[in-house]
Amino acid sequence: MKIRAKNGGQTVDITLPATDMDMQYCMKCIGIEDIVPVCCISEVWDEPSYFGFLKDQTVSMDELNFLARRLDGMTEYEKRVVGVYSSETGIREMKQLINLTYSLQGLSLLTDLTDGNRVGLRLYLDRHLAISEEEKSKMDFNAYAQKIFSEGKCKFLPHGILVDQGFQMEEVYNGKTFPEYIDRPDETVAVLSLENEAGDKEYLYLPTDISAMDKVKKRLNIAAFAEGIVNGIENIRLPESILPSPEDMCMSLQGDVQKLTLFNEMCQTVSCFDEAKMDRLAMAAGFVGTSEFTDITYIAKHLDEFEIHPQIHTDKEYGEFLVKEAGMFEVDELLLPHIDYAGVARDKRQATMADSGFIPEGFVGTQRAIREYQEYQGEFADLLEKNGIPCETFCLYSSLAGMMYQDGEEQETLYRSELADYEEQIQKAILKERHVEEEPRGLMHYFDGNRQVAAKVISAFPRVQNIRGELFGVLECSICQPLTQNEIYELKNFWDGQMSDGWGEGFEQRPIYTQEGELYVSFWTQERHWGVMTEEELDRIWNHGMTQTL
């Protein structure tokens, strides 16, 4: 389903279902900052057009998105039943539409009556949901269809014949909190259930993000994760050996969003793993001897550093594998019985591996010492909650340059003082440049350098600032601890790279429309005097006289 959402004079096209973060981003594009947004639907594109009645309705976007998730998981036949029944009965309320998707038992929509047995089977399955092969072989479906028709339970409509065999609307959705529904099983690693004191229950589908967490808290009417009650964690795709029991998980996570953040980071890292890779991860974690989320995350990111062979439990077996299967070197078959396979394995382990050994599942070897896989503390994890983090602002400054084009022709180069007149337009353009994955850490989402810097810099967002009548590019950072000079140097290098080859490279190619023409703004330049400065460095340069190109 594709819709156009409207807020005042602003519109945005959204393809549903969307992730919570995508939805939040789309809503911000039209000026809606509410965690649970409500807005008007100005257009609906849907084939077949059963949900055109949504046009010009003001709806909860979260409810509409959940409805779209439910419809996306249905067969085309089931979607037609929902669409026709809602249109025929005048159901318009989101709560009822969502509950209808859970209440289809006893409803049928017939569009082809040429085969009585097929019609009867359709009616029977819609009423009873399933049938055994034995019962199916004995059933007279033609007679069953005739019986239903004779009972007068059919309504002839332009879309087909709607048949009611004891349909009852169930209240699965209470209008406050959504029922559990895993619509992306290939991406979902685990499901956490969370309750408030009133007993309302919500679900977090891991890996998740801060947008989904905010929505769950809003629906549960709690201000922080610690106010909720974790009453279950359903493991979907993780090997049990790398996790505590679900009961222990609930106790350890209770009220601690930091542990949940680290667990979520682990789930995010392994979400693309297939079953074989999950098994390899479990063996690597078992060899390292850890069940810590941070350790498993780090191991998962460096899994290619591990040599893993299930079902190999001795040096002799490992040596035979190297010679006979891996083709370590060519050997005349007559010599195979005389090879010291255990010696080959020991030589290989000593020459190429820092640590290696045998665990119950098989052989594991690593390129680095085991202790190096136990040093990561979650510095790169994306936050799931901003509350309770004491931060101060730290900014980096640099000069801007702009080019004004009119009718496709370059008019003039603009520097800081001239660009100050366009501060508002440039700032709006910067906000449009944000990507959904940059919530809540901004450009720090892409930072993969020094771990101390990653731990101290909570977020980093580009903006512009008018300083003494001149416009500067700014990287505004929230830091939880002061940065050392070396850490500032690394952050400067990161921002320099983002301006030249990352974020800034894309930004400078997009026009900013002004009354004077199309303005292109560069945060980075090759000019000799250009540089990135802290606030103190900028003050010193101001005091000594600033050059135009700085």
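- Judged by the 6.0 Å distance and 45° axis criteria, Arg70 is positioned over the aromatic ring of Tyr181.
- When side chains are defined from C-beta on, Asn450 does not count as touching Glu379, because their heavy atoms never get closer than 4.5 Å.
- Note on Lys316 versus Glu320: salt bridge recorded, some NZ/NE/NH1/NH2 to OD/OE distance being below 4.0 Å.
- Heavy atoms of other residues, nucleotides or ligands lying less than 6.0 angstrom from CD of Gln509 number more than 12.
- In this structure, Ile430 and Phe507 have side chains that are in contact, with non-hydrogen atoms separated by less than 4.5 Å.
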For side-chain contact (heavy atoms from CB on, under 4.5 Å), just list the numbers for Leu260 and Leu206, CA-CA rounded to whole Å, side-chain angles, deciding distance to a tenth of an Å, and then say yes or no. CA-CA 10 Å; Leu260 175 60; Leu206 308 180; 4.3 Å; yes
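- Note that Arg122 lies in the cation-pi zone of Tyr77, set by a 6.0 Å cut-off to the ring centre and a 45° limit from the axis.
- Between the side chain of Asp62 and the backbone N or O of Asn65, no donor-acceptor pair lies under 3.5 Å.
- Proximity of the aromatic rings of Tyr173 and Phe178 is defined here by a centroid distance below 6.0 angstrom, and this criterion is met.
- For the salt bridge (charged side-chain N to carboxylate O under 4.0 Å, His left out) criterion with Glu307, the lone passing option out of Lys348, Arg280, Arg349 is Lys348.
- Tyr446 and Trp503 have their aromatic ring centers separated by at least 6.0 angstrom.
- With no hydrogens or angles considered, no side-chain donor-acceptor pair links Tyr205 and Glu234 at under 3.5 Å.
- Using modelled atom types and a 3.5 Å distance limit, the side chains of Asn231 and Ser193 yield a donor-acceptor pair.
- Ile296 and Ile242 make their closest contact through CD1-O, 3.3 Å (heavy atoms, listed as atom of the first residue, atom of the second, distance).
- At a threshold of 4.5 Å between non-hydrogen side-chain atoms, the residues Ser60 and Val36 count as touching.
- In terms of modelled atom types and a separation under 3.5 Å, the side chain of His313 and the main chain of Phe358 share no donor-acceptor contact.
- Under 4.0 Å is where a charged nitrogen must lie from a carboxylate oxygen, and between Glu202 and Lys215 no such pair does.
- Nearest heavy atoms, Glu187 versus Ser271: O-CB, 3.8 Å.
- When all heavy atoms of Ser459 and Pro440 are compared, the pair lying nearest together is CB-O, 3.6 Å.
- Geometric assessment of Arg368 against the ring of Tyr373 yields a positive cation-pi assignment under the 6.0 Å and 45° thresholds.
- Note on Lys138 versus Glu134: salt bridge recorded, some NZ/NE/NH1/NH2 to OD/OE distance being below 4.0 Å.
- Side-chain atoms of Glu292 and Tyr298 include no donor-acceptor pair closer than 3.5 Å.
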